[in-house]
Structures are given as C-alpha cells and as structure tokens.
Amino acid sequence: MSDAIRHPIQRGHKHPIQRGHRPARIRLGMVGGGRDAFIGGVHRIASRIDDRYELVAGAFSSSAEKARASAHDLGVADERAYDDFEAMAEAEAAREDGIEVVSVVTPNHVHFAASKAFLDKGIHVISDKPMTSTLEDASALAALVERSTARFFLTHNYTGYPMIRQAREMIGAGALGALRVVQVEYAQDWLSTALEDSGQKQAGWRVDPSKSGAGGSIGDIGTHAFNLAGFVTGLRCREVLADIDSFVGGRQLDDNCHVLLRYDEGAKGMLWCSQVAPGNENALSLRVYGSEGGLEWKQEDPNRLWHTPLGEPTRLLTRGGAGTGEAAAAVTRIPAGHPEGYLEGFANLYTDVAEVIVALREGREPPASLCPDVSDGLTGLRFINAVVGSSADGGKWTMLV
C-alpha cells in the first residue's frame, strides 16, 4: 500500500487537484528572470505547482537579444516577447487576452519603475523583495497602490511554509502567552570572499548600492528574517539598534549585521544576518519565547516546529502530523514525512494570490490573503534605512519611520 493511501492528506481548502470545473489559468507576464537568472526560474516553478498560471508574455532581460532568446526558451510567442517593460505594459494592457498579473524578478533598482508601469495600466503585480531599492520609491509605490485598481503582492516566500503558518496560528491563539523575546537569524557563506570581482552576476548587483540600495545583506536576507519575525508573532517593531560591517575588503555594502529590536508591545528582539559565515548555506531560524512557552523553527528543516510549554517537555510538531491545525493543513500538499519546502512555500504565495485574482476577475469579494503586500514592503524599507542609519550613527536606537 502506498504512503499516500496509508496517510491521506488532510487539507483545509484549495490545493488538492480539483475535479470538474476550474477557473481558466491566470495569464502571467514576467519582467526579468531570463537566461542565467536564478529567482525568475523559482517564480515560474512556483506559479506552475498548483496549475493556476500560464506564462504568456515577458520582458526577460535588459538586453534585447537575451530577452528574445529567453522568451524562445520559455515558449513565449515572439510577438509577446518585449525588449522593455514599458512597451510590454502598454501592449499587454491593450490586448483582449493581455496578462492579468506580472512577476517582477529583476535586481532591486528596477522594482519600482517596473511595478509602476503595470499598476498604472491596472495590471496586478507580484514583486520579489525588497519592494524597491529606496524608501522614497517605496513610499511612492505605496501611494500608487492605494490609488490603483490593481493589487500588489510581495514574495517574502518563507511566510508560505506550513509550519510557519502553524506557528503564527499558535501564537495568535495565545499558546505562548505574552510574548517576551524574539530571536531570528539568517546566515549564509557565499559572499565570504570577493565573489563579485569574478564577474558572478548574482553577487555583482547585490553588493552594488546603485542596484541593491542602501543595504547589502540586511536588504537581501535581513529583510526576510525581519519580515518572518513580524509575520509569525504579529509584533510591530518600533526601533532598532544596529552594528553593520563589510568584512570583505573593498565591498561597498554590508555583509554582516547585528540588530537589536524593540517592539511596540514590549517584547525585545535580536536579529543577525550574515553572508560571510562559513558553513552556513541558508540558515534561517526563528525562536519566539513568551510567558507560557517557546517555539523554534529552522528553514533547513522546515517540516518541524518545536514547542515547549512552560514547565513541560519539548514536543515536536510536524507538517501533516498530529497536533497541527488548519493554518498548516491549508498549505500542505503531500503526506507527513515527505520533504516539502522552498518551492512549495513559494507556490503557496502564488496560489494565495491566484485566489484573490480569480475572485476579482469574477466580481467577488477577494478572500483574506496572507501573502505580504505593499505595507510589508514599506515596512521592510523603513527597517533597512533604520538599520543603516543606526549603525552609521554609532549604534544609536533609531525609529522606523
């Protein structure tokens, strides 16, 4: 007997293969993500996992030649392969079968202009994080979204993991009591040397302030850690005290950051992010402690959540296993014990977005979505600015404004 029969999936709603009628696939476009790009491929896979999208158009590179070649690779028709995103927004908005949503998967400095071009045409946007490269652009984009008929979504993908949804549900239900301490870290080692000097594309733009913005590791992975802590706990950070460094000689942006956090509700936090920590690949972890217990989760072991009620033995909760609730079940695809992680978590956000877009297409009130949005993006840029400013000011407490 197969594992799938022995251990049937208990799903809360939307993800099992649906029989009978399904809404037509959402027409998806993409800006960036062409040949040699990493994150574009991740977005495309995530969009296809639940079979809710069809990629039909794109401006896949700032190089016209690479954009056309990438479109050919991806099976996009020649007439819908564009040399730039402005032309794409204009043409797709004029088509009866034009795209309904666009994924913006470029380096940070392009996020604002690309998002604006499509929002101005009433086309929904799914953007990689951080939302923009500057706080000024983030504020302008937030104002634009407020006026637009289109929706904006931000892919802080770790919020899509089932056991992160479980942790959020437990904390919201009071399982930890009054929250006291939040510790979050994201450590990598891939920039421990001056990789950018070798011509490596992914390293090059991340350490260039004209493309990345004011933050290096704090913008690239620190924002993930910061967003995750807020998503799970529901706490709002008020001020930070930061010490950031560029340990690799000649590097213009930070590659290591230590940050203390003060939350409005009285809880205290610590955040460490580093891209110069040998032995770490994608070591994102979160620990939350309250008056009645604690929780611990690690991204490299994402199907497990450790819960310690005060005065009791530590217990293990697993994705799909006993003791987990509706929040985790709703974003679980396969039986307990089978690995499920990064791509599926990313896909959960794409499917959350699909539910909203289909509702709007059909004239229904969209369901509540847990996908991060423009307000999360604006908070992320305020966080980056506050961290950089605090460190530059000798490590002073700095408000997120």
Side-chain angles (χ1 to χ4, degrees), residues 11 13-34 39-60 70-71 74-77 79-82 85 88-106 111 114-129 145 148-157 159-160 330-331 333 343-374:
R11 300 303 301 269
H13 57 249
K14 60 197 177 188
H15 288 308
I17 296 174
Q18 299 178 18
R19 308 297 179 186
H21 171 72
R22 291 197 65 179
R25 292 187 184 92
I26 294 165
R27 299 184 300 278
L28 174 67
M30 181 167 282
V31 176
I39 202 65
V42 170
H43 279 255
R44 288 190 291 271
I45 293 168
S47 74
R48 292 197 299 267
I49 282 179
D50 289 330
D51 199 27
R52 303 299 297 273
Y53 298 83
E54 182 178 3
L55 181 66
V56 297
F60 297 105
S70 299
L74 297 168
V76 171
E79 68 272 15
R80 302 183 77 175
Y82 300 93
F85 59 78
M88 177 180 167
E90 186 75 29
E92 289 296 318
R95 294 179 66 111
E96 187 174 347
D97 63 347
I99 62 170
E100 298 170 87
V101 62
V102 66
S103 293
V104 177
V105 293
T106 65
H111 289 182
S115 297
K116 181 179 186 301
F118 290 92
L119 289 169
D120 281 343
K121 297 295 183 181
I123 296 171
H124 307 298
V125 173
I126 300 171
S127 176
D128 205 35
K129 50 84 344 240
V145 171
S148 178
T149 59
R151 300 294 183 96
F152 179 92
F153 304 93
L154 191 68
T155 53
H156 277 295
N157 55 292
T159 63
V331 289
R333 291 176 179 78
L343 292 172
E344 292 87 353
F346 227 116
N348 286 332
L349 297 192
Y350 263 86
T351 298
D352 285 346
V353 172
E355 295 289 329
V356 173
I357 293 175
V358 168
L360 292 170
R361 177 204 282 170
E362 297 177 350
R364 296 184 285 107
E365 180 66 22
S369 174
L370 290 181
C371 185
D373 59 18
V374 71

Could you go step by step and tell me if V42 and L343 meet the side-chain contact (heavy atoms from CB on, under 4.5 Å) rule? CA-CA 7 Å; V42 170; L343 292 172; 4.1 Å; yes

Give, for atom CD1 of I26 and atom CG of L55, the distance between the pair rounded to the nearest 0.5 Å. 13.0 Å

Show the numbers, then the answer: is there a side-chain contact (heavy atoms from CB on, under 4.5 Å) between V356 and F153? CA-CA 10 Å; V356 173; F153 304 93; 3.9 Å; yes

Once ring pair (Phe, Tyr, Trp, His ring centres under 6.0 Å) is applied, do any residues pair with Y53, and if so which ones, sequence neighbours excluded? Y350

For S369, the option from V353, D352, L349 that meets side chain to side chain contact (heavy atoms under 4.5 Å, CB included): D352

Within the 4.5 Å heavy-atom criterion, are V104 and F85 side-chain neighbours or not? no

Check this for me, if you would: do E344 and R333 make a salt bridge, where the nitrogen-to-carboxylate-oxygen distance has to be below 4.0 angstrom? no

Can you name the closest pair of heavy atoms from A150 and L119 and give their distance? CB-CD2, 3.9 Å

Hey, could you give me the SG/CD distance between C371 and E355, rounded to the nearest 0.5 Å? 12.5 Å

Please identify each residue that fulfils side-chain contact (heavy atoms from CB on, under 4.5 Å) with R48, with sequence neighbours left out. R44, I45

Work out which heavy atom in V31 is nearest to a heavy atom in A114; give both atom names and the distance. CG1-CB, 4.2 Å

Rounded to the nearest 0.5 Å, the CG atom of L28 sits from the CD1 atom of I99 at a distance of 7.5 Å

K121 side, atom NZ; S148 side, atom OG - distance, nearest 0.5 Å: 12.0 Å

Shortest non-hydrogen separation from V102 to I123 and the atoms involved: N-CG2, 4.2 Å

For T155 and K129, the nearest pair of non-hydrogen atoms, with its separation, is O-CG, 3.9 Å

Side chain proximity check, R95 to R27, heavy atoms < 4.5 angstrom: no

From CZ (R25) to CG (D51), nearest 0.5 Å: 4.0 Å

Are any of the side-chain heavy atoms of V358 and R364 separated by less than 4.5 Å? yes

Rounded distance [0.5 Å steps], NE2 in H124 versus CD in E100: 7.0 Å

At their closest point, which heavy atom of A59 faces which heavy atom of M88, and how far apart are they? N-SD, 3.5 Å

Go through the steps for T159 and L370 under the test side-chain contact (heavy atoms from CB on, under 4.5 Å), then give the verdict. CA-CA 8 Å; T159 63; L370 290 181; over 6 Å; no

Using side-chain heavy atoms (C-beta onward) and a distance below 4.5 Å, is R80 in contact with V56? yes

Mind checking what makes side-chain contact (heavy atoms from CB on, under 4.5 Å) contact with S70, not counting sequence neighbours? R35, F60, K66

What's the shortest heavy-atom distance between A359 and E365, and which atoms? CB-O, 4.1 Å

Any sub-3.5 Å donor-acceptor pair from R361's side-chain atoms to P23's backbone N or O? no

Would you say NZ of K116 has more than 12 non-hydrogen atoms from neighbouring residues, nucleotides or ligands within 6.0 angstrom? no

Any side-chain heavy atom of P366 sitting closer than 4.5 Å to one from R151? yes

Do the non-hydrogen side-chain atoms of T351 and N348 ever get within less than 4.5 Å of each other? no

